[in-house]
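Notes follow the structure.
Quick note: residue numbers are just sequence positions, from 1. From a predicted model like this one, the values you see are computed outputs, not experimental measurements.
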Amino acid sequence: MLGWWRGWWQRPDQFDWFSAYLRDRGLQVRWRMATFVFTVLLVAVPVVMVGSPAGPGGPLQTWIVIGASASALAASLLWLFRWPSRAQSLAYSTVCSVSIAAGCLAIQDPYAGLMGCTMFAAIGGFVAYFHALAHVVANLVVALSCATINAVRILVETDDIRIVAGSAALVLGLNLGVPFGIHTLVHSLHIDLRDSDRDPLTGLLNRRSFYNMVRDLIAARRQVNTPVNVTMVDLDDFKLLNDTHGHAVGDAALVSVAAVLQEHTEPGTVLGRLGGEEFVIADVDAAARHAITAERIRRGIAATPFQITASFGICSTTVAAGAEIDHPGFLDRLIRAADAAMYQSKRAGGNRVVHDRLDIPG
């Protein structure tokens, strides 16, 4: 049980892959507009209560409510113009959470304040879509703290334990069910999408899934400096094999090469087939160890019964801790550099490994 919980807690956030999922399907603009409209409606709730007997209790509370609403509205303006970065998305959700807390605690009627805590569920749902479980839990802690304060106020004023228990159960149910349900659903969707995008012949990842997996691999280690290696593998004279022995033998050779890649790489290495006789490998190991792996694969391919060899091009780089990576542009650059190194290998006669390095400006 403890291991299951630790694994769930340590899952990387979903910001990069879910952003890419929405972008690939043309949904980012709709999502941005919906987020902005939702925020406008959220900040309007405490403002329209100004002047109400149940609203803010005095000038200080009124200014707290207005300031909190203005802050959340300002944080949402970014969504009108572009897709935010991970840090900007987290800042938006944090400002909204704090603004809801300020509104719920500043109004006079504790029952209205307790019901206002249901809005934390909406922000928790947003966080669950994009960010890690720790951020979902942080929003829940703020929601429960505000709910507890207002529940105590109701109990002191009315001594009605039943209304307190019923209202608190509603707030708790929404703030547990909505965010954690979404978090589980999105994680399951991620696994299904990843596993469905495979090359039907070799079982390796196709291009889209390869990009997504590498993005996740880097995101999981973003708190430390991360070495990233990409190797392009292209079979030498593969057309001759097809023309001489037929496509069935060619397909068998491709399957055999995929097996060699899987045999000689460590768990966590991302393997893909980009099409034809082109394969690609990515990992976050030290460049020297990756080069040793590539050499083992080169010898393994040459030892298959199909009498084929392969040309290898390696590109290595280091991603600084906390750096915001432009996906898929970053991986495109690595693949282009690895591809150029692979063609150097081919021009030199093939069946060899050529290395390159990509320096990322700090």
Side-chain angles (χ1 to χ4, degrees), residues 17 20 24 190-217 229-283 285 289-315 328 331-332 334-356:
W17 87 260
D24 293 344
H190 187 193
I191 293 174
D192 289 345
L193 288 173
R194 180 190 63 196
D195 292 344
S196 66
D197 289 342
R198 290 189 176 271
D199 172 51
L201 178 63
T202 63
L204 301 182
L205 301 174
N206 63 18
R207 181 181 292 270
R208 172 183 286 184
S209 193
F210 176 81
Y211 272 60
N212 291 340
M213 288 289 286
V214 174
R215 180 190 62 231
D216 291 349
L217 192 66
N229 309 287
V230 171
T231 293
M232 291 294 297
V233 182
D234 191 273
L235 303 184
D236 299 324
D237 298 321
F238 184 71
K239 184 177 183 301
L240 180 61
L241 176 68
N242 268 334
D243 292 344
T244 304
H245 299 285
H247 288 286
V249 173
D251 287 349
L254 294 174
V255 172
S256 178
V257 169
V260 171
L261 265 61
Q262 292 167 326
E263 179 184 355
H264 293 289
T265 51
E266 298 294 328
T269 301
V270 186
L271 304 173
R273 181 187 176 205
L274 300 188
E277 63 271 24
E278 278 194 335
F279 297 84
V280 62
I281 307 165
D283 65 23
D285 207 346
R289 287 176 55 87
H290 183 86
I292 293 172
T293 298
E295 180 60 26
R296 286 202 306 263
I297 295 171
R298 184 194 66 79
R299 292 197 300 265
I301 292 175
T304 63
F306 298 95
Q307 298 181 335
I308 53 175
T309 60
S311 297
F312 289 71
I314 298 176
C315 182
L331 191 52
D332 281 335
L334 281 176
I335 288 178
R336 283 197 300 269
D339 205 45
M342 182 269 292
Y343 277 107
Q344 290 183 36
S345 172
K346 276 198 176 297
R347 287 193 294 270
N351 194 25
R352 65 192 68 208
V353 180
V354 174
H355 303 260
D356 193 7

Any chance you could measure [X], atom [atom1], to [Y], atom [atom2], to the nearest 0.5 Å?
X	Y	atom1	atom2	answer
R207	N212	CZ	CG	12.5 Å
I281	T269	CD1	OG1	8.0 Å
I335	F210	CD1	CZ	5.5 Å
R273	L254	CZ	CG	5.0 Å
D251	N242	CG	CG	7.0 Å
M342	R347	CE	CZ	9.5 Å

Verify, without hydrogens or angle tests, whether [X] (side chain) and [Y] (backbone) share a donor-acceptor contact under 3.5 angstrom.
X	Y	result
S209	N206	no
D199	T202	yes
R336	L334	no

Could you walk me through whether V233 and I301 satisfy the side-chain contact (heavy atoms from CB on, under 4.5 Å) test, starting with their C-alpha distance in whole Å, then the side-chain angles of each, then the deciding distance to 0.1 Å, before giving a yes or no? CA-CA 10 Å; V233 182; I301 292 175; 4.2 Å; yes
Would you kindly say whether D236 and S311 are connected by a side-chain donor-acceptor distance under 3.5 Å?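 Distance-only check passes for D236 and S311.
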Residue pair D234, Y343: steps toward the side-chain hydrogen bond (donor to acceptor under 3.5 Å, both in side chains) verdict: CA-CA 9 Å; D234 191 273; Y343 277 107; 5.4 Å; no
Evaluate F306 against V257 for side-chain contact (heavy atoms from CB on, under 4.5 Å), listing each step before the verdict. CA-CA 10 Å; F306 298 95; V257 169; over 6 Å; no
Out of the candidates N351, V354, I297, only one should pair with F312 under the side chain to side chain contact (heavy atoms under 4.5 Å, CB included) rule; please name it.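 It is I297; the other options fail the test.
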Any chance you could lay out the side-chain contact (heavy atoms from CB on, under 4.5 Å) test for L331 and R215, step after step, and finish with the verdict? CA-CA 8 Å; L331 191 52; R215 180 190 62 231; over 6 Å; no
Considering all heavy atoms of both residues, which atom of [X] and which atom of [Y] are nearest to each other, and what is their separation?
X	Y	answer
M232	A338	CG-CB, 3.7 Å
L204	L261	CD1-CD2, 4.4 Å
H355	A291	CE1-CB, 3.3 Å
V230	A282	CG2-CB, 4.2 Å

Residue among T231, N229, T265 satisfying side-chain hydrogen bond (donor to acceptor under 3.5 Å, both in side chains) with D283: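 Exactly one pass, corresponding to N229.
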Verdict with reasoning, E278 to D339, per side-chain contact (heavy atoms from CB on, under 4.5 Å): CA-CA 10 Å; E278 278 194 335; D339 205 45; 3.8 Å; yes
Do Y211 and D332 touch side chain to side chain, with heavy atoms closer than 4.5 Å?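 A side-chain contact under 4.5 Å exists here.
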